[in-house]
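So you know, we letter chains A, B, ... as the sequences are listed, proteins then strands, and number each from 1. All values below were derived from every heavy atom in this structure, side-chain atoms included, with hydrogens, water molecules and symmetry-related copies excluded.
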There are 2 protein chains.
Amino acid sequence: MRIFWIKGYEATSISDLTEVMGVGTTSLYAAFGSKDELYAEALRHYAANYENLVWGRFREATTVRDAVKAYLYDSAAAMTGSDCDLPRGCMATLGTVGSDGHAELAGLMRSTRAGAFDVLVSRLERAAEEGELPPALDIAKVGRFLQTVQSGMAIRARDGAETAELQSVAEIAMAGWDGFVSKAAD
Amino acid sequence: MRIFWIKGYEATSISDLTEVMGVGTTSLYAAFGSKDELYAEALRHYAANYENLVWGRFREATTVRDAVKAYLYDSAAAMTGSDCDLPRGCMATLGTVGSDGHAELAGLMRSTRAGAFDVLVSRLERAAEEGELPPALDIAKVGRFLQTVQSGMAIRARDGAETAELQSVAEIAMAGWDGFVSKAAD
DNA sequence: GACATTCTGCATCGATCGCTACATAAATGG
DNA sequence: CCATTTATGTAGCGATCGATGCAGAATGTC
């Protein structure tokens, strides 16, 4: 999975995979069927295993602001491998799959990314219903903003950005949150 | 160039290029030497021709806030092809080149991205010197934040985001700018 | 018109791509 | 202990990759 994460779909060859997995091509194809399915499986494994790094504190947070802050700060940490020795960036965000003959894979990745947005939005909606956020606040806008900042973090992480830098980004993004929320409360 | 822009380096084959350029492989290699050099030329052409779409109003703006705002809003517009029928996203930001045997290309792209950051920072520094920004403001942090938001826009644009969505992102990012700047002014 | 030079279309190079047939090794069941 | 099934390593499939050699067309010069 890590090699897909690092090199991406197109740039990773079956030879790379068999070498790093320590199995022959026969076993690989018996287990997964095709390169596409293997990538899909790797993506699912990625989402299942590292989801908690980004969303753990988000879910446990009591206030929506703490949740959003945790989302941004923990994304900054996870993407720069400060938790453990993980590859840089986010596999779901950066893993660009040429949509030529791989429409199915491209759709899977798109829906994976969309899932993160949905999680954000449903938390924001809950906060709005509970009166924690002003009713006038445009939830979708805020959700897209957060998603966009996090996506940008992934690119910066791939370019070698350190945790501190991305956390500074999160800090300013939270200033944007505060400003936008308080403006909607007027 | 557009095909490199859309499909990326790895996913674009020489056949694709000759077909869309209407020339044979011989002419292509006589003119550019290799796929790497052709991509580098395409990237330079991209930077030279579309630089103005993003940085035009930025340069002409009188206040630093207007410049930053123009940078974000015009990026949002350019990346969603609202100016003309350009491909989605930013070629320099999204064009991921597998750094296996293409270290030179990867470096070129990295420095292209770094150039945008430098432009931002130098404008911010000028504003700080002229007293338009508080001396306590961490210029690099702000520059990284703006770069990160714009990079995130590129990913959202590739995923089909419309101009209005990205401009909403820019709006909240500007709230972040205002909040962070006014905090540093205390 | 004859010649030299540049350019281009076609065929093809070796390498590698994703993938599979086949033979052998390991495991399982009686 | 043998027969049958399952798993793996090897060799190689057709296709395509980036890149070239070569011969003929186009162009320029006198």
Side-chain angles (χ1 to χ4, degrees), chain A residues 1-47 87 91-92 94-112 158, chain B residues 1-47 87 91-92 94-112 158:
Chain A
M1 180 202 62
R2 300 170 74 98
I3 186 165
F4 268 138
W5 189 347
I6 297 171
K7 303 183 64 172
Y9 179 82
E10 318 270 2
T12 302
S13 71
I14 299 291
S15 315
D16 294 333
L17 293 164
T18 56
E19 188 177 346
V20 85
M21 293 169 77
V23 299
T25 57
T26 309
S27 313
L28 192 152
Y29 276 91
F32 297 99
S34 72
K35 187 187 177 186
D36 279 32
E37 296 178 54
L38 174 54
Y39 188 89
E41 196 57 43
L43 184 63
R44 278 188 286 268
H45 182 266
Y46 166 82
M91 183 173 173
L94 299 176
T96 166
V97 172
S99 326
D100 302 326
H102 311 280
E104 201 166 333
L105 256 190
L108 173 62
M109 306 209 59
R110 204 175 294 250
S111 65
T112 302
R158 188 197 55 186
Chain B
M1 178 203 62
R2 300 170 73 99
I3 187 165
F4 268 140
W5 188 347
I6 297 170
K7 304 182 64 172
Y9 179 83
E10 318 271 1
T12 302
S13 70
I14 299 290
S15 315
D16 294 331
L17 293 165
T18 55
E19 187 177 346
V20 86
M21 293 170 76
V23 299
T25 57
T26 309
S27 313
L28 193 152
Y29 276 91
F32 298 99
S34 73
K35 188 187 177 185
D36 279 32
E37 296 178 55
L38 174 54
Y39 187 89
E41 197 57 42
L43 184 64
R44 277 189 286 267
H45 182 264
Y46 166 82
M91 183 174 174
L94 300 175
T96 164
V97 173
S99 329
D100 303 325
H102 311 280
E104 200 167 332
L105 256 191
L108 173 63
M109 306 210 57
R110 202 174 294 250
S111 65
T112 302
R158 189 196 55 186

Trainee: With Asp16(A), which residues qualify under salt bridge (Lys or Arg N to Asp or Glu O under 4.0 Å), at least two apart?
Mentor: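 Counting only residues at least two positions away or on another chain, Asp16(A) forms a salt bridge (Lys or Arg N to Asp or Glu O under 4.0 Å) with Lys7(A).
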Trainee: I need a per-nucleotide contact map over nucleotides 15-20 of chain D, read 5' to 3'. Cutoff is protein heavy atoms under 4.0 Å; write B for the base, S for backbone only, - otherwise.
Mentor: --SSBB
Trainee: List in chain and number order the residues that pass ring-ring contact (aromatic ring centres under 6.0 Å, His included) with Tyr39(A), two or more places apart in sequence or in another chain; answer none if no residue qualifies.
Mentor: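 Phe4(A), Tyr9(A).
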Trainee: Applying salt bridge (Lys or Arg N to Asp or Glu O under 4.0 Å), name anything that partners Glu41(B), two or more places apart in sequence or on another chain.
Mentor: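 Residues passing salt bridge (Lys or Arg N to Asp or Glu O under 4.0 Å) with Glu41(B): Arg44(B).
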Trainee: Can you name the nearest heavy-atom pair linking Met91(B) to Met109(B), along with the distance?
Mentor: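 Heavy atoms of Met91(B) and Met109(B) come nearest at O-CE, 3.6 Å.
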Trainee: Going by number, which of residues 38-46 of chain B have a non-hydrogen atom under 4.0 Å from DNA chain C?
Mentor: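 Close to the strand, none.
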Trainee: Name all residues meeting the ring-ring contact (aromatic ring centres under 6.0 Å, His included) criterion together with Tyr46(A); count only those two or more places apart in sequence or in a different chain, and write none if there are none.
Mentor: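 Residues passing ring-ring contact (aromatic ring centres under 6.0 Å, His included) with Tyr46(A): Trp5(A), Tyr50(A).
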Trainee: Output all residues satisfying side-chain hydrogen bond (donor to acceptor under 3.5 Å, both in side chains) with Arg2(B), sequence neighbours left out; order by chain, then residue number.
Mentor: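 In terms of side-chain hydrogen bond (donor to acceptor under 3.5 Å, both in side chains), with neighbours along the sequence ignored, Arg2(B) is linked to no residue.
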Trainee: Locate the shortest heavy-atom distance separating Ala42(A) from Met1(A); write the atom from each residue and the value.
Mentor: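 Heavy atoms of Ala42(A) and Met1(A) come nearest at O-CG, 3.6 Å.
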Trainee: Taking any atom under 4.0 angstrom from a heavy atom of chain A, which nucleotides of DNA chain C are the first and last to qualify, 5' to 3'?
Mentor: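 Under 4.0 Å from chain A, the extent on DNA chain C is dC17(C) to dA21(C).
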Trainee: So how far off straight is the helix from dG1(C)-dC30(D) to dG30(C)-dC1(D), going by the axes through five pairs at either end, to 10°?
Mentor: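 About 10°, once rounded to a multiple of 10°.
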Trainee: Enter the distance from Leu43(A):CG to Leu105(A):CG here, rounded to the nearest 0.5 Å.
Mentor: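 So the CG of Leu43(A) and the CG of Leu105(A) are separated by 8.0 Å.
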Trainee: With sequence neighbours left out, what residues match Ser34(B) under side-chain contact (heavy atoms from CB on, under 4.5 Å)?
Mentor: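 Applying side-chain contact (heavy atoms from CB on, under 4.5 Å) to Ser34(B) gives Asp36(B), Glu37(B).
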Trainee: So, for Thr12(B) and Ile3(B), which heavy atoms are closest and what is the spacing to 0.1 Å?
Mentor: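 What the structure gives for the nearest pair is OG1-O, 3.5 Å.
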Trainee: For Glu10(A) and Lys35(A), work out which heavy atoms get closest and say how close.
Mentor: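 What the structure gives for the nearest pair is O-NZ, 4.0 Å.
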Trainee: Can you pull out every side chain to side chain donor-acceptor pair (under 3.5 Å) where at least one residue sits in residues 17-31 of chain A? Sequence neighbours excluded, please.
Mentor: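 Passing the test, one end in residues 17-31 of chain A: no pairs.
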